Amino acid sequence: MELTEKEISTNGITIKYYDEGSVGKPVVILIHGFPFNKLMWTGQIEILRQHVRVIAYDIRGHGGTSAGADEYTLSLFTHDLFHFMDSLQIEKATLCGLSMGGYIALYAVEQHPTRLSGLILCDTQCLADDAETKKKRFQTISSIEKDGLRKYASDSIKKLFATRSLLNKRNMVSFIERTILHTPKETICNTLKALANRKETCSRLHLIDVPVFIIVGSEDAITPPKLSIQMQEKISGSLLYEINNAGHLSNLEFPDRFNSYLLRFIKLIG
Ligand code: MLT
C-alpha cells in the first residue's frame with residue numbers, strides 16, 4: 001500500500017505522519033507503541049481510510065519525527081499530540097493507542113477530555129511502573145549504553161510476540177526487530193526514562209465518558225489481559241475484546257480480528 005508521508009512543525013519538533021481518508025469524516029489518530037513508529041499501523045490504515053480520516057504519526061524521536069530539545073515525559077508526548085491536532089485544525093478525534101500509545105491516550109483524556117470522541121486502548125494499562133519494573137528499565141538503559149541495541153532488540157521481540165507468532169510470523173517479527181534496531185539509542189534510553197517516571201491513570205478512569213473499546217492479546221506478556229479487565233471494570237460502558245493467541249502486538253499478529261473491532265467501533269461512533 002502506498003502511503004504519503006507528510007510533515008508538520010509544532011511544539012519544537014517536526015512530526016512525520018500519514019493522513020489518509022476523507023477530510024470531513026470522523027478522525028481516528030493511531031498512536032504507536034515503544035519503540036516503534038507509524039509503520040506498525042499500515043494494516044489498520046489500509047482498512048480505516050475507507051471509512052474515516054485516519055492519521056498515524058511518529059512520536060518525538062521515533063520514526064521520522066525529530067527528537068527536540070526537551071526532556072522526554074509522557075506529559076510532553078501528550079502535549080505534542082494536542083499541538084499536532086491544533087496544527088491540523090482537528091478539534092476532536094478518537095485516539096487509538098497501543099501500549100505506550102495507550103498511556104498517551106489515557107493522559108490525553110485526563111488533560112482535555114472534550115477533545116476526544118472515543119478511545120481504543122490496545123495492549124495497554126493504567127498502572128505506573130512498580131519499583132521492580134523501574135529498576136529493570138534503568139538496567140536496560142545501562143546495558144544499551146554499554147553494548148548497543150542488538151541484545152535489547154532480540155530480548156524484546158521474545159516478550160513482544162506470542163510464542164506461536166515468533167514461529168509462524170517471521171516477517172512480522174523481523175520487521176519489528178529491524179524497527180527497534182533503526183530507532184536511535186538516545187530515543188530508546190530517553191523514552192525508557194519517561195516510561196519509568198509516568199504516573200498512573202487508573203484513579204481517573206471512572207471520569208471517562210466517551211465510548212471505549214479495550215483490545216488485548218490473550219498471550220500479551222507485557223500488559224496481560226488481567227490489566228485490561230481492571231480498566232474495563234473502571235470505565236463505565238467500555239467493551240473488552242481479547243484476541244486469542246496474540247501477544248503484545250495484537251494488531252500485527254492478528255490484523256483481521258483487530259480490524260474487525262476497529263470497524264465495529266467506527267460504526268458505534270457513526
Ligand atoms: C510498548 O509496547 O509501548 C511498551 O512495551 C510499553 C512499556 O514498556 O511499558
Side-chain angles (χ1 to χ4, degrees), residues 29-41 44 56-63 65 72-78 80-81 95-108 119-141 143-144 149 152-162 165-166 172-173 175-184 187-202 214-217 219-228 230-231 243 246-254 258:
I29 300 181
L30 305 172
I31 316 173
H32 63 79
F34 167 75
F36 317 121
N37 61 55
K38 61 184 179 313
L39 281 172
M40 68 164 279
W41 294 116
Q44 282 64 56
Y57 72 102
D58 291 332
I59 294 169
R60 188 181 274 264
H62 298 74
T65 294
Y72 284 13
T73 62
L74 265 288
S75 252
L76 177 68
F77 292 164
T78 311
D80 288 343
L81 168 64
L95 301 181
C96 170
L98 186 134
S99 200
M100 177 173 76
Y103 308 160
I104 295 171
L106 287 170
Y107 265 56
L119 268 176
I120 308 172
L121 302 168
C122 321
D123 298 285
T124 193
Q125 59 175 333
C126 59
L127 297 169
D129 279 2
D130 59 20
E132 169 95 356
T133 312
K134 271 189 210 235
K135 196 170 139 200
K136 275 202 199 131
R137 297 220 198 252
F138 286 102
Q139 284 167 347
T140 306
I141 293 171
S143 130
I144 291 173
L149 286 178
Y152 170 70
S154 67
D155 288 349
S156 297
I157 52 163
K158 288 181 205 127
K159 287 182 265 164
L160 288 164
F161 290 97
S165 303
L166 283 171
M172 212 42 92
V173 173
F175 159 68
I176 285 296
E177 192 164 13
R178 275 182 278 122
T179 303
I180 299 175
L181 289 170
H182 282 131
T183 303
T187 293
I188 296 196
C189 293
N190 291 337
T191 309
L192 281 165
K193 277 184 215 152
L195 289 167
N197 292 327
R198 78 185 190 282
K199 63 182 178 62
E200 64 81 29
T201 47
C202 307
I214 300 169
I215 304 174
V216 66
E219 312 299 314
D220 183 342
I222 298 177
T223 48
K226 69 169 194 261
L227 300 179
S228 289
Q230 283 171 19
M231 289 195 292
I243 302 185
H248 189 58
L249 298 180
S250 56
N251 72 310
L252 294 171
E253 296 177 69
F254 289 90
F258 191 94

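Please read these numbers as outputs of a predicted model, since none were measured by experiment. Counting convention: from 1, in listed order, for ligands and their atoms alike.
Nearest heavy-atom pair across Ala108 and Leu81 is CB-CD2, 4.2 Å.
With hydrogens and angles disregarded, a donor-acceptor distance shorter than 3.5 Å links the side chain of Arg198 to the backbone of Leu127.
Annotation: ring pair (Phe, Tyr, Trp, His ring centres under 6.0 Å) contacts of His248 (sequence neighbours excluded): none. Take Tyr72 and apply the ring pair (Phe, Tyr, Trp, His ring centres under 6.0 Å) test, not counting sequence neighbours, and it matches Phe77.
The shortest N or O to N or O distance between Leu160 and ligand 1 is not below 3.5 Å. Below 3.5 Å of separation, one finds no N or O of Leu195 facing any N or O of ligand 1. At least one N or O atom of Tyr103, backbone or side chain, sits closer than 3.5 Å to an N or O atom of ligand 1.
The residue from Ser250, Ser99, Ser228 that alone fulfils the side-chain hydrogen bond (donor to acceptor under 3.5 Å, both in side chains) condition with Asp123 is Ser250.
Listed by number with element, the atoms of ligand 1 under 4.0 angstrom from any heavy atom of Ile222 are 5 (O). In summary, the atoms of ligand 1 found under 4.0 Å from a heavy atom of Arg137, numbered by their order in the structure, are 7 (C), 8 (O), 9 (O). If you number the atoms of ligand 1 from 1 as listed, the ones under 4.0 Å from a heavy atom of Gly33 come out as 3 (O). Listed by atom number, the atoms of ligand 1 under 4.0 Å from Met100 heavy atoms are 1 (C), 3 (O).
Note that CG of Leu149 and CD of Glu177 are 11.0 Å apart. Values are rounded to the nearest 0.5 Å.
The nearest non-hydrogen atom to atom 4 (C) of ligand 1, considering only Ser99, Gly101, Pro35, comes from Ser99.
Residue-ligand proximity: His248 is placed with a non-hydrogen atom under 4.0 Å from ligand 1.
Of the two cysteines examined, Cys122 and Cys96, the SG atoms fail the criterion of being under 2.5 Å apart.
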